[in-house]
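Structure first, commentary second.
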Amino acid sequence: MRQRSIPGSTGRVRPLALLGDPVLAAPCDEVTDFGPALERLVEDLFAAMYAARGVGLAANQIGVPLRVFVYDCPDDEDRRHLGHLVNPRLVEADGVVVRGPEGCLSLPGLEAGTERYDHAVVEGVDLRGEPRTVHGTGFFARCLQHESDHLEGTLYVDRLTGLRRRRVLRAAARAPWAGEREG
């Protein structure tokens, strides 16, 4: 059996960008360099995600505006999905629309009922540029849509309307981390 390191074990925990940071509001750039810097970025993403006890993390959430995200997320049948995608694109989101609790490491401690499709397909490549297609259902589909949104400069609160949106934004303004935001 081949020895593999635990994702993130060689990574550096980088600080998370918080709501209001401009890096979260802009579309990310395509990755063109598939060298050691990309490998370090993926390791750092895993390290930061695990340190924050998340199930997914996009590169712009640690201040790097590149199209990369990592995940370690269960689906509704409690099957673990672990991996990363470089230059991902959400190519399919369909099925039943489910409003479920959704949070974000860039809005720590807050969540709101957010509508997402129950099925999602994301295409991208791995660290070597090899094509990858990831299918998700249930909670994992929510994760894939959430991380894909990040790379487009969209947060889950941007999908909320009315009272639900106002409540989350008010809570964010009062959150202990609100003073740490940029912008």
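The figures here come from the full heavy-atom set of this structure, side chains too, leaving out hydrogens, waters and symmetry mates.
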TODO: For residues A17 and V23, report the shortest heavy-atom separation together with the two atoms involved.
DONE: CB-CG1, 3.8 Å
Task: Listed partners of R89 passing side chain to side chain contact (heavy atoms under 4.5 Å, CB included), at least two apart - done: E30, R67, V91, E152
TODO: Could I get the full list of salt bridge (charged side-chain N to carboxylate O under 4.0 Å, His left out) partners for R167, not counting sequence neighbours?
DONE: none
TODO: Would you please name every residue forming a side chain to side chain donor-acceptor pair (under 3.5 Å) with D94, sequence neighbours left out?
DONE: H119
TODO: Only counting residues at least two apart or in another chain, list the ones meeting side chain to side chain donor-acceptor pair (under 3.5 Å) with S106.
DONE: Q61
Task: With sequence neighbours excluded, residues passing ring-ring contact (aromatic ring centres under 6.0 Å, His included) with H146 - done: H150
- [ ] Please check if the side chain of N60 supplies one atom and the backbone of V64 the other of a donor-acceptor pair under 3.5 Å.
- [x] no
Open item on the list: Check whether D126 reaches the backbone of G129 with its side chain - one donor and one acceptor, N or O, closer than 3.5 Å.
Closed with: yes
TODO: Check whether any side-chain heavy atom of T137 lies under 4.5 Å from a side-chain heavy atom of D76, and answer yes or no.
DONE: no
Task: Test salt bridge (charged side-chain N to carboxylate O under 4.0 Å, His left out) applied to E102 - qualifying residues, sequence neighbours left out - done: R116, R142
Task: Donor-acceptor contact below 3.5 Å, side chain E123 vs main chain T133 - done: no
- [ ] Apply side chain to side chain contact (heavy atoms under 4.5 Å, CB included) to R12 and list each qualifying residue two or more places apart in sequence or on a separate chain.
- [x] R14, D44
Task: Partner residues of L82 under the side chain to side chain contact (heavy atoms under 4.5 Å, CB included) criterion, sequence neighbours left out - done: P7, F46, Y50, D72, R80
Task: Listed partners of R170 passing side chain to side chain donor-acceptor pair (under 3.5 Å), at least two apart - done: none
Task: Point-to-point distance, once rounded to the nearest 0.5 Å, from SG of C73 to CG of L144 - done: 7.5 Å
TODO: Name all residues meeting the side chain to side chain contact (heavy atoms under 4.5 Å, CB included) criterion together with R165; count only those two or more places apart in sequence or in a different chain, and write none if there are none.
DONE: V157, D158, L160, L169
Task: Shared-cluster residues of Y117, by chain and number - hydrophobic side chains joined below 4.5 Å - done: V97
Task: Results of ring-ring contact (aromatic ring centres under 6.0 Å, His included) for Y71 - residues two or more places apart only - done: F140
